[in-house]
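Worksheet: one structure, shown below.
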Amino acid sequence: GTVFERAPEPAAAASGNPLALLMPRLDAGDTMQARLLVDAYLSARQAYKGLPGVTETDVRQVPKDEAERARFERLLADPSLPLEDLEALSGGGLLHKRAMILQPKRLIPALLEGVEARFDAEPVIDLRERTVDGERFDAIVLANGMDVSETLPWLELAPRLGQVDVTDGPADAPPSAVTSGTYALALGHRRLWGATFELAERGTRPETSKHAQAENLRGLEILSPWWIHDARSGEVRSRAGLRATTADRLPVVGAVPDQPAVLETFAGMRKGRPADADAPLMDGIFVVTGFGARGFTWGPWAGAVLAAHLSVAPSAASRASLEAVSAMRVLFRALRRGEV
């Protein structure tokens, strides 16, 4: 495979923060999103185990309010993770065991080993001809975050601006992670906290701000990690990135529909008729985007789904799961609402 990357190096955008946290997102209800997030988390943990830039750690999750405290109690009564991964904390919190602190600048190059990567690239893509810069490929995967909107504007991705703040402390710390809406991480001399999740205008360039820094500091004061003095007294550096999000907060993974043909084939859906035909697809064109703030969680699971598509092999994911993340859901939703 060949990767085309606009940046001069890997992990240059939102995935390139100095530290990242891989932990489960658990919901008390048995929803599709809840099931998929557990599957994705377990898949990611298995995929990253033993790779450079990966450190196993426990995560203390503190309830934000009484409603969340009650939700945690329901989770503990009927856990969706193995019992060895989840414990109750005094005061109503959760302890997530075998979670991970990631160092993306080390991890992502390891994931790219054996792959031809062309950096500083501004590829010209022809989806109909399946060419990149005139070179024909068996398949093309659009995996470029918000930039997918340049090619597939009908996906209606929304950008979210996320800022983290970083400082270096005097002590070489063991891995430490605490979260309650925001999160605070320590690993070695590095301390990182955040992140904001602010809706942005399309076309926004990711820029840091004092407002976001203040918001992150307020969150850190609530979390009050043992190293909070380092953040108050140290030199703080900020980093911002854009996250691509979808209306239903699920990623988009799979084959790219032929949008004009879909609108023609399923025109009856505007009048309440069911979708009763095979979806027209673009030959050999796939997309993966819409990870929001959970790119490191969704990535390996999405990669396995795409690998099954590309090799025409059975997928480990259920049909309902594949439909939940399919790009077709976006067009079907628009047709039902009469928006297209």
Supply the atom-to-atom distance L335 CG to K271 NZ, rounded to the nearest 0.5 angstrom.
-> 12.5 Å
With rounding to the nearest 0.5 Å, note down the distance linking CD1 in I140 to CG in D283.
-> 10.5 Å
Might you point out which heavy atoms bring A255 and H309 nearest each other, and give the distance in Å?
-> N-NE2, 4.5 Å
Donor-acceptor pairs under 3.5 angstrom involving side-chain atoms of residues 48-61: please list them, not counting sequence neighbours.
residue: Y48; atom: OH; partner: F296; partner atom: O; Å: 2.7
residue: Q61; atom: OE1; partner: H96; partner atom: NE2; Å: 2.7

Smallest heavy-atom separation, G145 atom then T289 atom, equals O-OG1, 3.1 Å
L281: which other cluster members, linking ILVMFWY side chains closer than 4.5 Å, directly or transitively?
-> none
Between CG on residue L220 and CD on residue Q213, distance to nearest 0.5 Å | 11.5 Å
When you measure from the side chain of E129 to the backbone N and O of T131, does any donor-acceptor pair fall under 3.5 Å?
-> no
Please round to the nearest 0.5 Å and tell me the distance separating atom OG of S176 and atom CG of L187.
-> 10.0 Å
Distance from R98 atom CZ to L86 atom CG, nearest 0.5 Å?
-> 11.5 Å
Indicate yes or no: does K97 engage E87 in a salt bridge with an N to O separation below 4.0 Å.
-> yes
Heavy atoms of G93 and F72 approach each other most closely as CA-CD1, 4.1 Å
Hydrophobic cluster of V305, others only, ordered by chain and residue number, side-chain cut-off 4.5 Å | M32, L36, L37, V141, L250, V253, F286, V288, F291, W298, W301, L306, L310, L322, V325
Once you round to the nearest 0.5 Å, how far does CG of L142 lie from CG of N144?
-> 6.0 Å
Thinking salt bridges, do E73 and R69 make one under a 4.0 Å N-O criterion?
-> no
How far apart are the C-alpha atoms of M100 and R45, what are their side-chain angles, what is the distance that settles it, and do they pass the side chain to side chain contact (heavy atoms under 4.5 Å, CB included) test?
-> CA-CA 8 Å; M100 292 172 170; R45 196 171 68 179; 3.6 Å; yes
Please tell me if the side chains of E323 and R329 come closer than 4.5 Å, counting only heavy atoms from C-beta onward.
-> no
Please tabulate, for the side chains in residues 260-270, all donor-acceptor contacts under 3.5 angstrom to protein atoms that are two or more places apart in sequence or on a different chain.
residue: T265; atom: OG1; partner: A261; partner atom: O; Å: 2.7
residue: R270; atom: NE; partner: V340; partner atom: O; Å: 2.5
residue: R270; atom: NH2; partner: V340; partner atom: O; Å: 3.2

When you check the gap from the basic side-chain N to the acidic O, do R333 and D248 get nearer than 4.0 Å?
-> yes
Backbone N or O of D138 within a donor-acceptor pair of the R130 side chain at under 3.5 Å?
-> yes
Quick one: name the residues clustered hydrophobically with L223, using the 4.5 Å side-chain heavy-atom rule over I, L, V, M, F, W, Y, and just say none if it's on its own.
-> V62, V178
Under 3.5 Å, side chain of D258 to main-chain N/O of P280, donor-acceptor pair present?
-> no
After noting the C-alpha distance and the side-chain angles of L81 and Y41, does the key distance pass the side chain to side chain contact (heavy atoms under 4.5 Å, CB included) rule?
-> CA-CA 10 Å; L81 282 174; Y41 168 69; 4.3 Å; yes
Compare every heavy atom of P206 with every heavy atom of G241, then report the nearest pair and how far apart it is.
-> CA-CB, 3.8 Å
Who else is in the cluster with L242 when I, L, V, M, F, W and Y are joined by side-chain contacts under 4.5 Å?
-> L161
What residue pairs, at least two apart or across chains, pass salt bridge (charged side-chain N to carboxylate O under 4.0 Å, His left out) with a residue in residues 200-225?
-> E221-R232
Return the minimal non-hydrogen interatomic distance between S180 and K64, and the atom names on each side.
-> OG-CG, 3.3 Å
Can you find a heavy atom in the side chain of V252 that is under 4.5 Å from one in the side chain of L155?
-> yes
Output yes when a side-chain donor or acceptor of T196 lies under 3.5 Å from a complementary backbone atom of E198, and no otherwise.
-> no
Show your reasoning for whether side chain to side chain contact (heavy atoms under 4.5 Å, CB included) applies to V256 and L127.
-> CA-CA 10 Å; V256 173; L127 297 184; 5.5 Å; no
Residues E116 and R118: closest non-hydrogen pair is OE2-NE, 2.9 Å
Is it true that a side-chain atom of R106 and a backbone atom of Q103 form a donor plus acceptor pair closer than 3.5 Å?
-> no
Please answer: with hydrophobic residues joined when any side-chain heavy atoms are less than 4.5 Å apart, are L111 and V115 in the same cluster?
-> yes
Verify the cluster assignment for I101 and L107: are they in a single hydrophobic cluster under the rule of side-chain heavy atoms below 4.5 Å apart?
-> no
With no hydrogens and no angle check, do the side chains of Q163 and S238 hold a donor and an acceptor under 3.5 Å apart?
-> yes
When clusters are formed by joining ILVMFWY residues with side-chain heavy atoms under 4.5 Å apart, either directly or through shared neighbours, do V287 and F137 land in the same one?
-> yes
Salt bridge (charged side-chain N to carboxylate O under 4.0 Å, His left out) contacts touching residues 174-197 (sequence neighbours left out) | D168-R190, R191-D230
A308: what forms a side-chain contact (heavy atoms from CB on, under 4.5 Å) with it, not counting sequence neighbours?
-> S315
Check: A67 main-chain N/O paired with D65 side-chain donor or acceptor under 3.5 Å | yes
Name the atoms and distances for all side-chain donor-acceptor pairs under 3.5 Å in residues 9-27, with sequence neighbours left out.
residue: E9; atom: OE2; partner: K105; partner atom: NZ; Å: 3.2
residue: N17; atom: OD1; partner: R239; partner atom: NH1; Å: 2.9
residue: R25; atom: NH1; partner: D27; partner atom: OD1; Å: 2.4
residue: R25; atom: NH2; partner: D27; partner atom: OD1; Å: 3.4

By salt bridge (charged side-chain N to carboxylate O under 4.0 Å, His left out), which residues pair with E122, not counting sequence neighbours?
-> R6
Using a cut-off of 6.0 Å, state whether more than 12 heavy atoms not belonging to D278 lie near its atom CG.
-> no
In terms of hydrophobic clustering (I, L, V, M, F, W, Y; side-chain heavy atoms under 4.5 Å; direct or indirect links), are L157 and M328 co-clustered?
-> yes
Check for a donor-acceptor pair, side chain of S321 on one end and backbone N or O of A317 on the other, with a separation under 3.5 Å.
-> no
Decide yes or no for V166 and V236: does some side-chain heavy atom of the first lie under 4.5 Å from some side-chain heavy atom of the second?
-> no
Beyond-backbone contact of D165 with L192, side-chain heavy atoms, under 4.5 angstrom | no
So the ring-ring contact (aromatic ring centres under 6.0 Å, His included) pairs with at least one residue in residues 144-197 (sequence neighbours excluded) are W193-W227
For side chain to side chain contact (heavy atoms under 4.5 Å, CB included), just list the numbers for D133 and F4, CA-CA rounded to whole Å, side-chain angles, deciding distance to a tenth of an Å, and then say yes or no.
-> CA-CA 10 Å; D133 293 339; F4 294 86; 4.3 Å; yes
